[in-house]
Amino acid sequence: METGDGRPTPTEAAEALAAIEQTQATLHRTPSPKWYPPSLAAMVGGLMLAQLLPGIAAPLAAIALAAGTGALIGRRIDRTGIRPRITEDRRKVTWLITGVWAALLITVGVLAHFAGLWWLWLVAAPVAAIGALLAGRRLW
Amino acid sequence: MVAGGEPADGFNATIHGPHRLRICALLHPVVEAEFAALRAALEVSDSVLSKQITVLVDAGYVTQRRAVRDTRQRVWLRLTPEGRTAYEGHVAALRAIVG
């Protein structure tokens, strides 16, 4: 029962707040497509393995895979019908993970080029892919 | 009272309708959501959802964007800055009422 001016009683207001929480909880239950985390992992792992390609093929493959990752994220948004808002906390974690990937890419790149440790790409690829798999499930 | 006829404490009769409150609750934590995703989350019919969204659009709280995907037209909805402010004010007013 509302008060005379159309405002809810404390009980009704509490029910409305509970309804808000319940409704927002459905967002967290929206399933991500099953293909999304492994596809993201394959893209990121492929980005590392692409560095084994000779000459100009390596940067071209990296550009293609980066574009593919963007397309993949767009496809996921289309499928779920929800474009999530990047909160400040999530943005920080995303930058942290991206920084770790970049550091891995540069470190392995330097070691492979100057020390001949090309096989490190074979180690870096699954490490980066597992990171993408976990991040894809929890964050993106 | 403030512009738009809503009380200064943030309580908003337009948003307070049960379906409209839940629509705003779903749109608040996201950039935008598709009509079908909202319908599934709220478990209401197309017509009910359309009617409530029209009220929110007319109030300037929600905008619609039409996009075609796989030959199917889809409607994406998002809270306007005014809608976001009004919803946040309304939730604060509800919390104040609860005490």
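As a basis for the values below, the full set of heavy atoms in this structure was taken, side chains included, without hydrogen atoms, waters or symmetry mates. Protein chains get the first letters and strands the later ones, always in sequence-line order, with residue 1 at the start of each.
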For chain B, which candidate among A:Leu27, A:Ile20, A:Thr80, A:Ile77 shows the most heavy-atom pairs at distances under 4.5 Å? A:Ile20
Who among A:Thr26, A:Thr11, A:Leu17 has the most heavy-atom pairs with chain B under 4.5 Å? A:Leu17
At a heavy-atom separation under 4.5 Å, does B:Leu42 approach chain A through its side chain, its backbone, both, or neither? side chain
So what's closer than 4.5 Å to chain A heavy atoms on B:Ala36: side chain, backbone, both or neither? neither
Applying the 4.5 Å side-chain criterion to the ILVMFWY set and letting contacts propagate, would A:Leu104 and A:Leu117 be lumped into a single cluster? yes
Between B:Glu34, B:Arg95, B:Arg22, the one whose heavy-atom pairs under 4.5 Å with chain A are most numerous: B:Arg22
Just list the side-chain donor-acceptor pairs under 3.5 Å for residues 55-70 of chain A, sequence neighbours left out, or say none.
from: A:Thr69; atom 1: OG1; to: A:Leu65; atom 2: O; distance (Å): 2.8

Hey, are the side chains of B:Arg39 and B:Asp46 touching, using non-hydrogen atoms and a 4.5 Å cut-off? yes
Regarding A:Arg83 and A:Asp78, does a basic nitrogen lie under 4.0 Å from an acidic carboxylate oxygen? no
Holding to side-chain contact (heavy atoms from CB on, under 4.5 Å), I want the full list of residues that pass it with A:Arg75, two or more places apart in sequence or in another chain. A:Trp35, A:Arg79, B:Arg69, B:Asp70
